[in-house]
Number of protein chains: 2
Amino acid sequence: MAKPELSIGEVLQILQAEFTDVTISKIRFLEAEGLVTPARTASGYRKFSAGDVERLRYVLTAQRDQYLPLKVIKEHLGAIDRGLRPAAGGPPIAPSTPASGPAADDFGATGTDLRLTRAELCAAAGVSTTLLAELESHGLIVAEGKHYGGDAIVVAQVAAELATYGIEPRHLRPFRTAADREVGLIEQVTGPRRTDQTQQLAALTVRLHTALVRSRLPR
Amino acid sequence: MAKPELSIGEVLQILQAEFTDVTISKIRFLEAEGLVTPARTASGYRKFSAGDVERLRYVLTAQRDQYLPLKVIKEHLGAIDRGLRPAAGGPPIAPSTPASGPAADDFGATGTDLRLTRAELCAAAGVSTTLLAELESHGLIVAEGKHYGGDAIVVAQVAAELATYGIEPRHLRPFRTAADREVGLIEQVTGPRRTDQTQQLAALTVRLHTALVRSRLPR
DNA sequence: GCCGGACCTCAACCGCTGATCGAGGGTTGG
DNA sequence: CCAACCCTCGATCAGCGGTTGAGGTCCGGC
């Protein structure tokens with residue numbers, strides 16, 4: 001399987017879906033600080049592997065959710081590289097951030113209208129094309145034309161992680177149904193165009209959903 | 001019970017045993033930042049109670065061991081003051097885990113152990129008892145015995161806000177169903193007890209749900 | 001009643017972290 | 001060939017977490 005290496009701009013697009021405040025210069029800065037070391041083309045362009053993107057995600061998560069200074073994050077990464085399990089409470093090594101933070105309610109600004117090809121999506125999410133196909137067959141990921149949006153990355157990542165618990169794409173169909181119904185309700189109020197109201201409502205319903213799940217979790 | 005109130009110099013002595021880098025000016029600075037508020041004598045001298053010293057110890061520990069910014073520590077202290085149980089996982093009495101407050105998607109730590117009466121819940125969420133009753137009749141809020149958990153506040157608040165868009169509790173039943181199914185799926189994997197895994201999985205499924213909703217929202 | 005040490009306030013300053021900016025210039029793809 | 005993208009490197013910056021010092025007050029002992 002060819003591993004499409006991404007340019008810094010593409011990496012930016014991918015990460016901005018999840019971290020609104022990442023910039024090109026920040027990514028370069030993080031390299032200068034030794035937190036990632038992307039490959040280079042002959043002409044000096046950075047080329048990021050899926051692993052590099054993963055690493056950046058780890059850094060940004062640790063910064064945002066645990067307020068760790070870069071120095072400490074770097075140590076953690078070093079420990080991981082040496083094969084040690086990092087300190088407990090650290091962000092999962094695989095992407096399973098409890099998408100928290102002020103960003104949680106942020107339905108507007110996020111999701112730069114990313115347009116990924118199939119291969120880019122697989123690379124960005126670190127999943128096989130097989131899994132992607134399965135997710136599509138259950139309607140969990142839908143292409144618009146030949147491209148996928150930024151949310152597809154999150155869906156794919158989460159699905160991959162759930163798979164490690166034995167939860168397969170087919171078990172996730174109800175999520176699709178629930179999401180469709182939720183969006184349907186919103187559209188009944190705001191009409192079929194995306195507006196500020198659409199986003200506000202979506203933020204609210206998602207908040208509701210989250211609180212309900214939490215309240216029903218075993219004590 | 002004599003309450004020996006300490007001068008700033010005495011406090012310094014005490015704390016320096018444990019935190020070598022504490023200074024008088026640092027203690028004063030922490031007061032200026034609102035992290036402690038020692039009493040004052042008539043002439044303006046600071047007088048620290050045992051509780052104040054405890055508080056300082058908490059601040060210094062959180063800084064040293066968890067790298068938390070003062071702003072966040074202050075929030076935690078505020079939460080403790082308001083009677084919320086702080087998170088588990090930190091040293092002595094220290095909290096840990098991502099910030100509470102606005103950053104509310106954390107499944108491990110948030111103030112779920114809250115036990116509110118009906119009246120307290122209505123007051124905290126700013127809703128009428130009528131709305132609460134309606135939410136209960138649709139199973140969106142469920143009391144455990146005579147008390148409600150912290151998530152009920154969120155549910156009530158969101159429901160109230162949705163009502164301003166014309167969305168009424170009865171329209172929200174599907175959310176309850178979806179949440180129940182979601183929790184059911186999680187319990188199939190982890191069993192009926194709450195574990196770390198339960199929380200991780202919940203974080204994942206909620207993330208999935210959010211991404212799905214977003215991806216289906218009108219462009 | 002006076003002296004020294006502990007304490008007070010307030011404004012200025014400081015060093016570090018975590019970036020951002022811009023000038024000046026090369027690379028790539030249509 | 002040109003626009004969009006990428007490169008480096010040095011300057012600059014903003015905020016955090018304090019420190020410093022000037023100028024003055026308070027308190028206990030002699």
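By convention in this document, chain letters (A, B, ...) are assigned in the order of the sequence lines, proteins followed by strands, and residues within each chain are numbered from 1.
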K.L.:
In sequence, state the C-alpha distance, the side-chain angles, and the governing distance for A:Lys74 and A:Glu33, and then conclude on salt bridge (Lys or Arg N to Asp or Glu O under 4.0 Å).
P.N.:
CA-CA 9 Å; A:Lys74 192 177 173 183; A:Glu33 295 295 301; over 6 Å; no
K.L.:
The criterion is side chain to side chain donor-acceptor pair (under 3.5 Å); which residues satisfy it with A:Glu31, sequence neighbours excluded?
P.N.:
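A:Arg40, A:Arg46.
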K.L.:
Tell me the interatomic distance from A:Leu30, atom CG, to C:dT17, atom P, rounded to whole angstroms.
P.N.:
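Answer to the nearest Å: 15 Å.
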K.L.:
Only counting residues at least two apart or in another chain, list the ones meeting side-chain contact (heavy atoms from CB on, under 4.5 Å) with A:Thr130.
P.N.:
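For A:Thr130 the side-chain contact (heavy atoms from CB on, under 4.5 Å) partners, ignoring immediate neighbours, are A:Ser128.
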K.L.:
Going by the rule side chain to side chain donor-acceptor pair (under 3.5 Å), which residues pair with A:Asp21 if we only count those two or more places apart in sequence or in a different chain?
P.N.:
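Not a single residue meets the side chain to side chain donor-acceptor pair (under 3.5 Å) criterion with A:Asp21.
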K.L.:
Can you tell me how far C1' of C:dT17 sits from CG of A:Leu68, to the nearest Å?
P.N.:
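It is 14 Å, rounded to the nearest whole Å.
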K.L.:
Send over the distance from A:Arg64 CZ to C:dA19 P, rounded to a whole Å.
P.N.:
14 Å
K.L.:
Rounded to whole Å, how long is the line connecting atom NZ of A:Lys26 with atom C1' of C:dT20?
P.N.:
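Rounding to the nearest Å, NZ of A:Lys26 and C1' of C:dT20 are 11 Å apart.
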K.L.:
For A:Arg193, which residues count as a side chain to side chain donor-acceptor pair (under 3.5 Å) partner, sequence neighbours excluded?
P.N.:
none
K.L.:
Using the salt bridge (Lys or Arg N to Asp or Glu O under 4.0 Å) rule, collect all pairs that involve residues 123-135 of chain A, keeping only residues at least two apart or in two chains.
P.N.:
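Found none.
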K.L.:
Base, sugar-phosphate, or nothing for A:Thr41, non-hydrogen atoms under 4.0 angstrom?
P.N.:
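Nothing, no heavy atom under 4.0 Å.
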K.L.:
Give the B/S/- string for nucleotides 8-15 of chain C, one per nucleotide from 5' to 3', where a protein heavy atom under 4.0 Å of the base yields B, of only the sugar-phosphate yields S, and otherwise -.
P.N.:
SB------
K.L.:
Heavy atoms under 4.0 Å, any strand shown: does B:Gln63 hit a base, just sugar-phosphate, or nothing?
P.N.:
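Contact class for B:Gln63: sugar-phosphate only.
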K.L.:
At the 4.0 Å heavy-atom cut-off to chain A, mark where contacts on DNA chain D begin and end, going 5' to 3'.
P.N.:
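Taking any atom under 4.0 Å from a heavy atom of chain A, the span is D:dC5 to D:dT8.
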K.L.:
Is it the case that more than 12 heavy atoms not belonging to B:Lys47 sit under 6.0 Å from its NZ atom?
P.N.:
yes
K.L.:
Partners of B:Thr20 by side chain to side chain donor-acceptor pair (under 3.5 Å), sequence neighbours excluded?
P.N.:
none
K.L.:
Any ring pair (Phe, Tyr, Trp, His ring centres under 6.0 Å) involving residues 176-219 of chain A? Give me the pairs, sequence neighbours left out, ordered by first then second residue.
P.N.:
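Output for this query lists A:His209-B:His209.
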K.L.:
Rounded to whole Å, please give me the gap between CD in B:Glu10 and P in C:dA6.
P.N.:
11 Å
K.L.:
Whole angstroms only, please: what is the CG-P distance between B:Leu6 and C:dA6?
P.N.:
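Computing the B:Leu6:CG to C:dA6:P distance gives 16 Å.
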K.L.:
Could you check B:Asp21 against B:Lys71 and say which one's nearest nucleotide on DNA chain D is further toward the 5' end?
P.N.:
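Its nearest nucleotide lies further toward 5', so the answer is B:Lys71.
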